[in-house]
S.K.: 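I am attaching a structure below and will ask some questions about it afterwards.
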Amino acid sequence: MESIAETAMQRENDESYVLERLFTFYKDDDYEKAKEKLILVYKTTNHKKYFEEYKRMKNFLSELDWEKIEPEIVNEAQKNNMHDYLSICLQKGMKDIVLKTIISPPVNQWGYAGFSDFDIFAQKLEKEHPKEILEYYYNKAYARIPNGNRNTYKEAVEYLGKVKVIYLKHFKDEDSWTHMLSKLLMEFKKRPAFIDEIRKSKL
C-alpha cells in the first residue's frame, strides 16, 4: 500500500483515498506513520472539509503536533470556506469573530458577500447574544422587501418571526416589537403583497 500511495501521489490520482487507507492501517499501532498519512490526506484532498479535518486532527494528533498544523487549517479555511471557518471559530470559543462576520459579512472584489447564509450560526448564538442576532434577523428581513416579490416577502416574514421571538422570549418587550413592526408596515405600505404576507402570518 505504501508503494501504491507513492505512485498515486506522483500521478496525483486518488492519492487521498490510498493515504486514508494507510492512516486507518497505522492509527492504532504507529502514531508517527499515521500522523504522516493524516497530514498528507489533508494536503492532497481537493474541496477540503476544513471543519471535519480540523476536528479529526485535533482529536488524533499530540498537543505539540496539533499546535504546528492548526494555524494552517484555520488560515486556509478562512480563505476558502467561510462556513467551515466560522464553525472552527465557534469550536475555539471565538464567538466575537462569528458575530462580527455574520452581521457584517466579508465582501469580494465586486462588493458581494462571499457567504451570506449564516442562519445556523445565528441560531447557536441567539441565547447568549440576543441583541446582535435580533439585528441580524432584522437585516435579513429588511433586505428582502425593497424590490421584492411574493417569495422574498415570505422569506422576510419568516425572519420577522424570528425577530418577534427574540423580543418576546429574551427581552420580554412586546411594545418594542409592536413599534418596530408598525414602523416597517408604514414604510412599505405601498407594497400590498408584503402587507398581505404579514397579515397571513398573523405576526
Side-chain angles (χ1 to χ4, degrees), residues 1-108 112-137 140 162 165-166 169-170:
M1 286 189 69
E2 287 282 6
S3 178
I4 293 172
E6 183 177 348
T7 301
M9 290 183 67
Q10 290 173 351
R11 296 177 178 177
E12 297 184 353
N13 181 28
D14 295 328
E15 66 266 39
S16 295
Y17 171 77
V18 181
L19 290 166
E20 187 74 57
R21 295 290 298 274
L22 279 169
F23 167 69
T24 301
F25 177 77
Y26 287 128
K27 69 177 182 178
D28 294 326
D29 301 311
D30 192 327
Y31 170 79
E32 288 299 325
K33 287 188 176 180
K35 175 188 74 174
E36 176 190 353
K37 304 312 176 189
L38 183 60
I39 293 174
L40 283 173
V41 167
Y42 172 77
K43 292 182 179 296
T44 59
T45 298
N46 296 320
H47 309 294
K48 293 179 176 62
K49 297 180 179 179
Y50 295 98
F51 185 46
E52 294 303 318
E53 290 300 320
Y54 177 93
K55 291 186 292 184
R56 181 161 75 149
M57 287 203 193
K58 183 178 182 181
N59 288 334
F60 181 76
L61 296 176
S62 69
E63 185 175 346
L64 183 61
D65 287 331
W66 173 240
E67 287 178 357
K68 295 176 182 177
I69 192 68
E70 182 188 17
E72 178 181 343
I73 301 175
V74 174
N75 290 337
E76 289 189 12
Q78 185 177 15
K79 293 177 183 177
N80 301 317
N81 190 311
M82 186 56 61
H83 191 282
D84 278 2
Y85 172 65
L86 293 183
S87 294
I88 291 171
C89 287
L90 277 184
Q91 182 92 350
K92 291 169 64 66
M94 298 161 58
K95 296 178 182 179
D96 54 333
I97 290 179
V98 181
L99 279 170
K100 181 180 178 180
T101 302
I102 70 173
I103 292 174
S104 300
V107 297
N108 59 25
Y112 295 104
F115 189 91
S116 59
D117 186 7
F118 296 123
D119 291 3
I120 187 173
F121 301 108
Q123 293 168 11
K124 292 178 179 180
L125 294 172
E126 179 182 316
K127 185 175 181 180
E128 291 184 61
H129 302 276
K131 181 180 178 181
E132 291 85 351
I133 301 307
L134 187 153
E135 178 185 351
Y136 168 81
Y137 285 140
K140 296 278 279 192
K162 298 177 186 291
V165 168
I166 294 177
K169 179 180 178 180
H170 295 291

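The residues of the chain are indexed from 1 along the displayed sequence. As a basis for the values below, the full set of heavy atoms in this structure was taken, side chains included, without hydrogen atoms, waters or symmetry mates. Just so we're clear, the structure is a prediction, and the values are computed from it rather than from any experiment.
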S.K.: Give, for atom CD1 of Ile69 and atom CG of Leu61, the distance between the pair rounded to the nearest 0.5 Å.
M.R.: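 Ile69 CD1 to Leu61 CG: 8.0 Å, rounded to 0.5 Å.
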S.K.: Mark yes or no for whether Asn75, through its side chain, and Pro71, through its backbone, hold a donor-acceptor pair below 3.5 Å.
M.R.: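 Yes: the side chain of Asn75 pairs with the backbone of Pro71.
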S.K.: Would Leu90 and Leu125 count as a side-chain contact (heavy atoms from CB on, under 4.5 Å) here? Give the steps.
M.R.: CA-CA 9 Å; Leu90 277 184; Leu125 294 172; 3.9 Å; yes
S.K.: Roughly how far, to the nearest 0.5 Å, is CZ of Phe121 from CD1 of Ile103?
M.R.: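 The CZ atom of Phe121 is 14.0 Å from CD1 of Ile103, to the nearest 0.5 Å.
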S.K.: Taking only residues two or more places apart in sequence, or in another chain, which ones meet Glu76 in a salt bridge (charged side-chain N to carboxylate O under 4.0 Å, His left out)?
M.R.: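 Checked Glu76 against salt bridge (charged side-chain N to carboxylate O under 4.0 Å, His left out); zero matches.
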S.K.: What are the two closest heavy atoms between Pro130 and Ile166, and how far apart are they?
M.R.: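 Answer, listing the atom of Pro130 first, then Ile166: O-CG2, 3.7 Å.
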S.K.: What residues, two or more places apart in sequence or in another chain, satisfy side chain to side chain donor-acceptor pair (under 3.5 Å) together with Asn80?
M.R.: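 Here the qualifying residues are Tyr50.
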S.K.: With sequence neighbours left out, write down each residue that passes side chain to side chain contact (heavy atoms under 4.5 Å, CB included) with Glu63, or none if nothing qualifies.
M.R.: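 Residues passing side chain to side chain contact (heavy atoms under 4.5 Å, CB included) with Glu63: Glu67.
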S.K.: How about Ile102 and Leu86: do any of their side-chain heavy atoms sit closer than 4.5 Å?
M.R.: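 Yes - at least one pair of side-chain heavy atoms lies under 4.5 Å apart.
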S.K.: Quick one: does Phe51's side chain get under 4.5 Å of His83's, heavy atoms only?
M.R.: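 No - every pair of side-chain heavy atoms lies 4.5 Å or more apart.
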S.K.: Atom CE in Met57, atom CD1 in Ile73: separation rounded to 0.5 Å?
M.R.: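 CD1 of Ile73 is found 4.5 Å from CE of Met57.
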S.K.: Could you check if a side-chain atom of Asp119 sits within less than 4.5 angstrom of a side-chain atom of Lys140, using non-hydrogen atoms only?
M.R.: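 SC-SC contact between Asp119 and Lys140 confirmed.
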S.K.: Out of curiosity, Lys37 NZ to Leu22 CG, how far, rounded to the nearest 0.5 Å?
M.R.: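 Going from the NZ atom of Lys37 to the CG atom of Leu22 covers 5.5 Å.
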S.K.: In chain order, what residues pass the ring pair (Phe, Tyr, Trp, His ring centres under 6.0 Å) check against Phe60, with sequence neighbours excluded?
M.R.: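 Per chain and number, Phe60 pairs via ring pair (Phe, Tyr, Trp, His ring centres under 6.0 Å) with Phe23, Tyr31.
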S.K.: For the atom pair OG1 (Thr101) and CG (Asp96), what is the distance rounded to the nearest 0.5 Å?
M.R.: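 With rounding to 0.5 Å, OG1 (Thr101) is 9.0 Å from CG (Asp96).
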S.K.: Under the salt bridge (Lys or Arg N to Asp or Glu O under 4.0 Å) rule, what pairs show up with a residue in residues 122-132, not counting sequence neighbours?
M.R.: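 Only Lys95-Glu128 qualify under salt bridge (Lys or Arg N to Asp or Glu O under 4.0 Å).
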S.K.: Determine whether Lys55 and Gln91 make a side-chain contact, defined as any pair of heavy atoms from C-beta on separated by less than 4.5 Å.
M.R.: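 In short, these two side chains touch, coming nearer than 4.5 Å.
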S.K.: Taking atom NZ of Lys100 as the centre, report whether more than 12 heavy atoms of other residues, nucleotides or ligands fall under 6.0 Å from it.
M.R.: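 No - once you tally the heavy atoms of other residues, nucleotides and ligands closer than 6.0 Å, there are 12 at most.
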S.K.: Restricting to side chain to side chain contact (heavy atoms under 4.5 Å, CB included), what partner residues turn up for Lys169, sequence neighbours left out?
M.R.: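 Testing Lys169 for side chain to side chain contact (heavy atoms under 4.5 Å, CB included), a comparison that skips the adjacent residues, returns Val165.
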S.K.: With sequence neighbours excluded, tell me which residues meet salt bridge (charged side-chain N to carboxylate O under 4.0 Å, His left out) with Asp65.
M.R.: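 Asp65: salt bridge (charged side-chain N to carboxylate O under 4.0 Å, His left out) contacts with Lys35.
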S.K.: If you round to the nearest 0.5 Å, how far is CG of Leu40 from CG of Leu19?
M.R.: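 Reported value, rounded in 0.5 Å steps: 5.5 Å.
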S.K.: Going by heavy atoms in the side chains, are Tyr137 and Ile133 under 4.5 Å from each other?
M.R.: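 With C-beta onward as the side chain, the pair touches.
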S.K.: Could you go through the side-chain contact (heavy atoms from CB on, under 4.5 Å) check for Arg56 and Val41 one step at a time?
M.R.: CA-CA 12 Å; Arg56 181 161 75 149; Val41 167; 3.8 Å; yes
S.K.: For Lys92, what residues pass the salt bridge (charged side-chain N to carboxylate O under 4.0 Å, His left out) criterion, not counting sequence neighbours?
M.R.: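 Here the qualifying residues are Glu70.
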S.K.: Can you name the residues that form a side chain to side chain contact (heavy atoms under 4.5 Å, CB included) with Ser104, not counting sequence neighbours?
M.R.: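 None.
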S.K.: With sequence neighbours excluded, tell me which residues meet ring pair (Phe, Tyr, Trp, His ring centres under 6.0 Å) with Tyr54.
M.R.: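 With neighbours one apart ignored, the set is Trp66.
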S.K.: Only counting residues at least two apart or in another chain, list the ones meeting salt bridge (charged side-chain N to carboxylate O under 4.0 Å, His left out) with Glu72.
M.R.: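 Testing Glu72 for salt bridge (charged side-chain N to carboxylate O under 4.0 Å, His left out), a comparison that skips the adjacent residues, returns Lys43.
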S.K.: Can you name the residues that form a side chain to side chain contact (heavy atoms under 4.5 Å, CB included) with Lys49, not counting sequence neighbours?
M.R.: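 Once residues adjacent in sequence are excluded, the partners of Lys49 under the side chain to side chain contact (heavy atoms under 4.5 Å, CB included) criterion are Glu52.
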S.K.: Taking the side chain as every heavy atom from C-beta outward, state whether Lys79 and Tyr85 have any pair of such atoms under 4.5 Å apart.
M.R.: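 A side-chain contact under 4.5 Å is absent here.
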